[in-house]
There are 2 protein chains.
Amino acid sequence: MALRFTPTDPAATAVTERADAARNRRRVLEAAERLFAERCPTEVTLDEVARVAGVGKGTIYRRFGDRAGLALAVLDAREREIQEQVLRGPPPLGPGAPPDARLRAFLGALAGMVVANLRLMVVAENATAGARYRTQVYAGQRLHVAVLLREGLGADPGLLPDLVLAPLAADLVGHLVEERGVRAEDLTGALDALVDRVLACGPPPSGTMGP
Amino acid sequence: MALRFTPTDPAATAVTERADAARNRRRVLEAAERLFAERCPTEVTLDEVARVAGVGKGTIYRRFGDRAGLALAVLDAREREIQEQVLRGPPPLGPGAPPDARLRAFLGALAGMVVANLRLMVVAENATAGARYRTQVYAGQRLHVAVLLREGLGADPGLLPDLVLAPLAADLVGHLVEERGVRAEDLTGALDALVDRVLACGPPPSGTMGP
DNA sequence: TGACAAAGCGGACTGTAGTCCGTTACGGTG
DNA sequence: CACCGTAACGGACTACAGTCCGCTTTGTCA
């Protein structure tokens with residue numbers, strides 16, 4: 001089911017959102033945030049979120065569509081923070097640095113966010129197939145990577161942005177971190193190496209790849 | 001839950017598998033294959049598979065662990081076919097071609113398989129978080145890519161094999177194909193371009209990237 | 001060939017996701 | 001301020017995933 005509103009984006013909802021709707025949205029997000037932080041998000045039932053939030057279960061589904069939608073909404077704020085840094089923050093994440101440096105910084109920031117919010121990210125992306133790719137957030141990430149690749153390559157990057165972002169899928173990162181003992185910096189290093197190779201076709205750098 | 005047997009691999013089970021167990025395994029796989037082909041796999045209930053197979057629901061869970069395990073088992077034969085081609089088939093997929101050509105051929109073959117079995121692949125990878133990455137099949141793919149990259153780069157590829165395989169995650173491919181109108185050959189083209197850049201650090205090729 | 005571990009079976013059972021629709025609250029209008 | 005159309009609410013309801021455990025089948029060993 002499609003979301004009715006862009007979750008937690010006041011600008012998109014303020015015009016029409018009713019007072020009780022706004023109040024309940026806040027309550028649900030607060031309850032979800034708290035419960036997801038306390039316990040593994042897969043173990044939290046939506047009945048429970050509804051009870052803690054003091055709303056009916058139907059309200060959660062009406063607003064967030066499903067479990068993945070709720071998880072995405074909780075993560076939304078954290079992802080918008082990176083977006084904000086990208087648009088208006090200091091380089092190399094923000095404007096001003098060369099494209100390859102910005103791309104490395106961006107992927108590093110994303111990787112850090114995924115690792116820091118692993119469990120919740122897995123629920124958000126996995127509970128509903130392809131949920132990640134239908135979000136505005138992903139569209140924004142893709143656009144940013146596309147622009148940087150275009151600058152760096154001097155050509156239309158085609159599907160490359162999707163290929164470059166693919167390794168940040170939560171279930172892959174979860175597997176790497178939890179079952180293969182990869183650390184966030186190993187992942188970042190490997191992504192840096194990939195970006196180096198994709199963008200700068202000089203001699204292959206050494207010593208920057210993970211174990 | 002971990003699988004008790006490597007699904008559908010007679011060599012791994014023949015020694016100990018009881019006659020009734022083997023019979024039921026075949027029945028379940030046949031029923032699942034038929035039902036998954038007739039209808040979207042997400043709409044087929046396991047109760048139904050059990051009924052058609054003429055076994056109890058518990059039997060399916062005992063053997064395949066969960067929905068994703070059953071889907072993986074159904075796909076297993078098709079994935080092993082590619083493995084077989086890689087090990088003993090003609091070049092460029094099989095031995096004999098240079099590493100970059102083999103890598104392109106391998107990723108192309110995988111992409112084709114994912115696209116051809118999209119719905120089922122999505123269930124297999126998505127029903128249980130990270131299911132794809134825990135399989136022997138993925139381990140085999142990763143090893144193959146690692147060997148080819150090592151040959152092509154002359155250095156330890158580190159996490160690069162995972163990064164290169166990441167775009168073949170079923171939910172990403174599903175999104176590209178079904179929501180963005182990407183065709184299998186566009187995806188293959190983009191993967192080729194990526195491999196070119198990663199392996200051969202010559203001038204960027206033109207006209208090989210997707211739209 | 002009979003008996004006995006133990007592997008396997010199956011379907012009743014439990015809990016949760018997600019739906020549905022009668023009821024309630026909001027806010028715009030006269 | 002009272003009315004009304006409509007958006008939103010909420011919890012009973014359905015159906016499915018996945019578990020559990022008493023019963024059955026199998027293969028082995030004497």
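Just the heavy atoms: all of them, side chains too, but no hydrogens, waters or symmetry mates, feed the values below. A note on names: the letters A, B, ... follow the listed sequences, proteins ahead of strands, and every chain is numbered from 1.
Judged as a ring pair (Phe, Tyr, Trp, His ring centres under 6.0 Å), the pairs with a partner in residues 162-196 of chain B (not counting sequence neighbours) are, in order, Tyr133(A)-His175(B). Applying the side-chain hydrogen bond (donor to acceptor under 3.5 Å, both in side chains) test to every pair with at least one member in residues 120-131 of chain A, sequence neighbours left out, gives these pairs: Asp66(A)-Thr128(A).
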Q) Reading nucleotides 23-28 of chain D 5' to 3', which nucleotides get B (base under 4.0 Å from a protein heavy atom), which S (sugar-phosphate only), which -? A) --BSS-

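In this structure, Glu43(B) atom CD and dC16(D) atom C1' are separated by 14 Å, rounded to whole Å. Atom-to-atom, CZ of Arg62(B) to P of dG10(C) comes out at 11 Å; the value is rounded to the nearest Å. Atom P of nucleotide dA8(D) and atom CZ of Arg27(A) are separated by 16 Å, given to the nearest angstrom. Per the geometry, CZ belonging to Phe64(A) stands 18 Å off C1' belonging to dT19(C), to the nearest Å. Counting to the nearest Å, the C1' atom of dC9(D) and the CZ atom of Arg51(A) are 18 Å from each other. With rounding to whole Å, Arg25(B) atom CZ is found 15 Å from dA7(C) atom C1'.
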Only pairs under 3.5 Å count here: list side-chain donor-acceptor contacts from residues 159-166 of chain B, not counting sequence neighbours, and write none if there are none.
from	atom 1	to	atom 2	distance (Å)
Asp162(B)	OD1	Arg180(A)	NH1	3.0
Asp162(B)	OD1	Tyr138(B)	OH	2.6
Asp162(B)	OD2	Arg180(A)	NH1	3.4
Asp162(B)	OD2	Arg180(A)	NH2	2.6

In residues 34-41 of chain A, what donor-acceptor pairs under 3.5 Å come from side-chain atoms, sequence neighbours left out?
from	atom 1	to	atom 2	distance (Å)
Arg39(A)	NH2	Glu48(A)	OE1	3.3
Arg39(A)	NH2	Glu48(A)	OE2	2.5

Can you give each donor-acceptor pair under 3.5 Å made by side-chain atoms of residues 99-118 of chain A, sequence neighbours left out, with the distance rounded to 0.1 Å?
from	atom 1	to	atom 2	distance (Å)
Asp100(A)	OD2	Arg104(A)	NH2	3.1
Arg102(A)	NE	Leu93(A)	O	3.4
Arg102(A)	NE	Gly94(A)	O	3.0
Arg102(A)	NH2	Val86(A)	O	3.0
Arg102(A)	NH2	Leu93(A)	O	3.2
Arg104(A)	NH1	Asp196(A)	OD1	2.6
Asn117(A)	OD1	Arg78(A)	NH1	2.5
Asn117(A)	ND2	Met113(A)	O	2.9

Any protein N or O atoms within reach of nucleotides 11-17 of chain C? Criterion: under 3.5 Å, listing atom names and distances.
from	atom 1	to	atom 2	distance (Å)
dG11(C)	O6	Gly58(B)	N	3.4
dA17(C)	OP1	Arg67(A)	NH1	3.0
dA17(C)	OP2	Leu46(A)	N	3.4
dA17(C)	N7	Lys57(A)	NZ	3.2

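Looking at residues two or more places apart in sequence or on another chain, you find no salt bridge (charged side-chain N to carboxylate O under 4.0 Å, His left out) involving Glu151(B). Partners of Glu185(B) by salt bridge (charged side-chain N to carboxylate O under 4.0 Å, His left out), not counting sequence neighbours, listed by chain and number: Arg183(B).
Sequence order on DNA chain D of the closest nucleotides to Thr128(B) and Ala22(A) puts Ala22(A) first from the 5' end.
In summary, Arg88(A) and Glu84(A) engage in a salt bridge, as defined by a charged side-chain N under 4.0 Å from a carboxylate O.
Contact check for Leu191(A) versus Leu168(A): side-chain heavy atoms found under the 4.5 Å cut-off.
The side chain of Asn24(A) places an N or O atom within less than 4.0 Å of a non-bridging phosphate oxygen (OP1 or OP2) of dC9(D).
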